[in-house]
Amino acid sequence: MLPGTRRGRRLDELAESTPTTTAGVSLAASAWRRLRRNPTFLVGAGIIAAFALLALVSPLLAAHDPALRLLEDQVSRADNRIPAPQPGFPLGGDQYGRPLLSRLLIGSQQTLLVALTATVLGLGGGLTLGILAGAFGGWVDTLVMRVVDVLLSVPSLLLAVSIGALFQQQSRFTVIIAVATVQIPVFGRLLRGTMLAQRASDHVLAARALGVPERSVVFRHMLPNALGPVVVQATLMLAVAIIDAAALSFLGLGSADTSTPEWGQMLGSAQDFFDTHPQLAFWPAGCIIVVALGFTLVGESLREALDPKKRR
Amino acid sequence: MALLEVRDLAVRFVRRGEPTVAAVDGVSFDVPAGRTVGLVGESGCGKSVTSLAVMGLLPRDGTEVSGSVVLDGTELLGLSRREWDRRRGSEMSMVFQDPLTSLNPVVPLGIQVSEVMERHRGMSRRVATREAESLLDRVGIPDPRRRLREYSHQLSGGMRQRALIAMALACRPRLLIADEPTTALDVTIQAQILSLLRELVAETGTALVLITHDLGVVAGMCDEVNVLYAGRIVECADRHALFAAPRHPYTAGLLESVPRLDTPRGQRLAPIAGSVEDNIPWSVGCAFSPRCASALPVCSERSPAVETVGPGRLLRCHNPLDTDVGNTESSHD
Ligand SMILES: Nc1ncnc2c1ncn2[C@@H]1O[C@H](COP(=O)(O)OP(=O)(O)OP(=O)(O)O)[C@@H](O)[C@H]1O
Ligand code: SF4
Ligand SMILES: [Mg+2]
């Protein structure tokens, strides 16, 4: 057993506390029954659904092209003037005279895209590491987990910033890469824990006793049963991804191209106007918080629903 | 030559920072083709570790296995993992104690059954599925076609164990090891599963190693019995001889702690005094001596060796009970 970092150990505990299925489908069914009656889950799910729907239909809702400086004539750098709310532009314009509400609406698309892509990439990398470590054990495990522990010992935002700063030119793509890199060790360590638990389980031993080959033992008998906690974690990581992406933009490591809006980027470029025009930061920040909250609520209630100790 | 010959099998668990555990300490026994041989003993005496060693299923890290396990003329210890994988499920199979946890909860039963046949008998998925259906039917699972699509939690405990037995026998292995196959089931189901096992083993000519701590099960199933204590075989005998006249004090104690039809009503069953905690190491003397009513001074000074005391009968004891003592009560206190 590796000693690991504090975060690493917490992930291991998580791997142990969340059941890798013992009663399988019935477990999922009873978890779902409890979830349906859990207000926390319903609120979170409502937020996520609204967010996803918004991202889908926002081109229909947005009255204006978010890239056009329609209100440019009302912008004055000299006396720090920014277009106020007016007929046709309920939230006014941004510092370039672009329609704020349309930018917020369309921004949901990019925000969802960044968070989703980063989490999928992080999940992919983490699953690969976790499968390697958990399936083979021995020195592969030790090697992989050393790397993972080093990554986990760096505070996640610091790591994301360092990765983001490695690139010559920042873009939405570099944000995704930076955010995904932070997620890889989290998923990796978690999956390793659940895979190891599976490796010692009765049904894996029973499969081996029937001569089921190693590949099938890993992918058919261990992995599907080890994924539960990872799915829960992925929900939580979507929230983290949204916030990390926003933080990178805020620190000037986001995309420099502002024609397609993204909430984190909108928040970042509102920095200079905090004292004079707080609404420029308020709207994107509010959206980010609400959506991140939605994913967190769903993730936490999923975890609770699957925790055998909380079952009644 | 017997189908399975186990000689001086020893398993030690070596963990850094922990004392070495000699779980199995020089076990030898034979299993002839078509016969049922019992491994009996208290919890922790090494029954499961013995069977896992025979199946090559012990973890490679931290375990030292020595001795010899010969199946059908081939030495198994030291085989490569692929060689083991090829033999397991086809030449030798195992059924475990807890049918609920022994099935994969997220894979439908049909895939788990057909997987074995695809693997070892080279069948296509379709043929294997058809074969799986008839296999489930043969082990007495009603409506097998529907069951193939179901998950383990949808089956009853008895059905799960039937399915596991079906999987273990799918490729007609020459050797089947059943490790407490009925302990997790309720009494009526236990009887059904045992009679199913007996039938199938007779039908296919499979040799069966039956592990149990229940002498009632032994009486109904086994041809020969090996009694294990603290990792060593202390008595080996034909079933009739063992029940009629146990010679080792531990065997006698086990028999007395089982309810029998001829036990007078109201008479208390006599569990063996003390617990395995009291054992002394075999290297010092007889591990059972602190609990043994027949113990002599020599018992805690010199380890008893195995002796042949009759046809097919082995004994490891300095002061065995007399042969003619049919009922062992007189030999105690
Ligand atoms: N992986 C392991 N590491 C260390 N010790 C072990 C391990 N597996 C088993 N042992 C020890 O080996 C001894 C024999 O265990 P085994 O499981 O064979 O007992 P058993 O006879 O099958 O008992 P039961 O009737 O409870 O199943 C026990 O003392 C146990 O603590
Ligand atoms: S060797 Fe001695 S202590 Fe051990 S069982 Fe025989 S009589 Fe009892
Ligand atoms: Mg056991």
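Letters A, B, ... are given to chains in the order of the sequence lines, protein chains preceding strands, and every chain is numbered from 1. The analysis underlying the following values was restricted to heavy atoms, covering all of them including side chains, and did not include hydrogens, waters or symmetry mates.
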Structural part of [X] lying under 4.5 Å from a heavy atom of chain A:
X	result
B:Met167	both
B:Ile177	neither
B:Arg87	neither

Greatest number of heavy atom pairs closer than 4.5 Å to chain B - which of A:Val204, A:Val212, A:Leu205: A:Leu205
A:Asp202 vs B:Phe96 side-chain heavy atoms within contact, under 4.5 Å: no
Heavy-atom pair with the smallest gap, counting every atom of B:Arg119 and A:Gly211: NE-O, 2.7 Å
Over all atoms of both residues, closest heavy-atom pair of B:Ser102 and A:Ala206: O-CB, 3.4 Å
Enclosure of A:Phe136 CZ (heavy-atom neighbours >12, cutoff 6.0 Å): no
B:Arg145, CZ: over 12 other non-hydrogen atoms inside 6.0 angstrom: no
Candidate pair B:Val106 and A:Leu227, rule side-chain contact (heavy atoms from CB on, under 4.5 Å), full reasoning: CA-CA 11 Å; B:Val106 302; A:Leu227 279 179; over 6 Å; no
Contacts of residues 125-138 of chain B with chain A (heavy atom under 4.5 Å): B:Arg125
Donor-acceptor contact below 3.5 Å, side chain B:Arg88 vs main chain A:Arg208: yes
How long is the gap from [atom1] on [X] to [atom2] on [Y], to the nearest 0.5 Å?
X	Y	atom1	atom2	value
A:Met222	B:Asn104	CE	CG	11.5 Å
A:Leu210	B:His120	CG	NE2	7.0 Å
A:Glu214	B:Arg81	CD	CZ	4.5 Å

Residue part contacting chain B, namely of A:Arg220, when any heavy atom lies under 4.5 Å: both
